[in-house]
Colleague: 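Quick one: the structure is below, and I'll ask about it shortly.
Just so you know, residue 1 is the first one in the sequence shown, and it goes up from there. What you see is a predicted model; the values in this text were computed from it and never measured.
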Amino acid sequence: IKNIKMGIYPPIAGDFNNDFWHSGMGCPIRSEIWAYLFPGNPSRAAKFALMDGQIDHRETSIWAEVLLSAMQSVCFTTDDLMTAFNAALEFVPYDSRIFSLVKSVMRWSDKGTDTFTIRELILENFGHPDFTHSMQNIGFILLALLRGKYDFWKTMELALNFGYDTDC
């Protein structure tokens, strides 16, 4: 908001003079808004998530919001998580860290790696000292969804037990 008041507008507003909040979960947590406004239309959900994220965040968090918005939008038309994950990845740059994170979590999960071992792999490969950083939190959210096996309570328990900023 400070940047916008100074006349610095998106797409650079979230990147300029924003060293503390730029990669946190602030904009990914808003992702569901775009999915609800565009159910079954991940392209539109992703487009608006991208614009929204640019207001107050940088690349990593922006792509996290785009990913979650598209994934949630797809979930209005399918209950298959792998379909939703793969469809959402179409809206995230192939060379982004978020894309690499999602593919890694999916690969580790497919190999049958223990859930809490995957948590440690997420921290080792994508972790950040800031507990609100989007990288490890998106990994934890995806892992909880995969290992929760469509059981709401189990998914929530996993996400909360992974720690950090997974409340979204």
Side-chain angles (χ1 to χ4, degrees), residues 3-4 8-78 80-111 113 118-119 121-146 159 162 164-166 168:
N3 285 343
I4 292 172
I8 303 166
Y9 299 104
I12 62 169
D15 195 21
F16 181 78
N17 196 25
N18 188 14
D19 291 333
F20 187 74
W21 299 108
H22 63 79
S23 296
M25 289 298 289
C27 71
I29 204 167
R30 299 190 304 255
S31 63
E32 68 276 357
I33 295 167
W34 309 115
Y36 281 121
L37 288 174
F38 303 106
N41 190 341
S43 177
R44 297 279 288 178
K47 176 184 175 182
F48 279 83
L50 178 65
M51 291 188 296
D52 176 58
Q54 291 172 338
I55 294 170
D56 54 1
H57 286 78
R58 287 188 194 154
E59 183 177 294
T60 300
S61 288
I62 294 168
W63 293 125
E65 182 179 4
V66 167
L67 174 83
L68 292 178
S69 293
M71 185 179 78
Q72 293 167 100
S73 177
V74 170
C75 286
F76 280 95
T77 61
T78 183
D80 182 68
L81 284 175
M82 296 311 290
T83 298
F85 289 158
N86 288 317
L89 281 173
E90 292 179 30
F91 303 99
V92 177
Y94 178 78
D95 60 349
S96 69
R97 293 204 61 212
I98 290 291
F99 189 97
S100 177
L101 169 70
V102 174
K103 288 304 225 179
S104 295
V105 171
M106 288 168 53
R107 184 178 65 253
W108 294 327
S109 188
D110 285 347
K111 286 174 40 177
T113 307
I118 296 174
R119 179 192 181 276
L121 287 168
I122 291 168
L123 289 174
E124 182 180 313
N125 291 278
F126 301 99
H128 192 277
D130 175 7
F131 81 97
T132 70
H133 198 280
S134 58
M135 287 301 294
Q136 67 249 1
N137 288 295
I138 295 299
F140 295 157
I141 291 165
L142 298 178
L143 180 59
L145 288 167
L146 288 170
F162 292 153
Y164 291 71
D165 194 14
T166 57
C168 66

Colleague: Going by the ring pair (Phe, Tyr, Trp, His ring centres under 6.0 Å) test, name the single residue among Y94, F126, F85 that passes it with F99.
Modeller: Y94
Colleague: Indicate yes or no: at least one non-hydrogen side-chain atom of S23 is less than 4.5 angstrom from one of H128.
Modeller: no
Colleague: So, does S73 use its side chain to make a donor-acceptor pair with the main chain of F38 at under 3.5 Å?
Modeller: yes
Colleague: Got N86 and K103 here, is their nearest side-chain heavy-atom distance under 4.5 Å?
Modeller: yes
Colleague: Just by distance, do the side chain of E90 and the backbone of S43 share a donor-acceptor pair under 3.5 Å?
Modeller: no
Colleague: Only counting residues at least two apart or in another chain, list the ones meeting ring-ring contact (aromatic ring centres under 6.0 Å, His included) with H22.
Modeller: none
Colleague: So L68 and M71, do their side chains get closer than 4.5 Å, heavy atoms only?
Modeller: yes
Colleague: If you define the side chain from C-beta out and look only at heavy atoms, does anything of M25 sit under 4.5 Å from I141?
Modeller: yes
Colleague: Hey, does the side chain of D56 reach the backbone of A13 with a donor-acceptor pair shorter than 3.5 angstrom?
Modeller: no
Colleague: Quick one: salt bridge (charged side-chain N to carboxylate O under 4.0 Å, His left out) partners of R58, sequence neighbours excluded?
Modeller: D15, D19
Colleague: Checking S69 side chain against A35 main chain: does a donor-acceptor pair fall under 3.5 Å?
Modeller: no
Colleague: Hey, is the main chain of G24 close enough, under 3.5 Å, to the side chain of T132 for a donor-acceptor pair?
Modeller: no
Colleague: Which label fits Y36 and F76: parallel for a plane angle under 30°, tilted from 30 to 60°, or perpendicular past 60°?
Modeller: perpendicular
Colleague: Between atom NE2 of H57 and atom CD1 of I55, what is the distance when rounded to the nearest 0.5 Å?
Modeller: 11.0 Å
Colleague: I'd like to know if the side chain of N125 and the backbone of L121 have a donor-acceptor N/O pair within less than 3.5 Å.
Modeller: yes
Colleague: Excluding sequence neighbours, so at least two apart, what forms salt bridge (charged side-chain N to carboxylate O under 4.0 Å, His left out) with R44?
Modeller: none
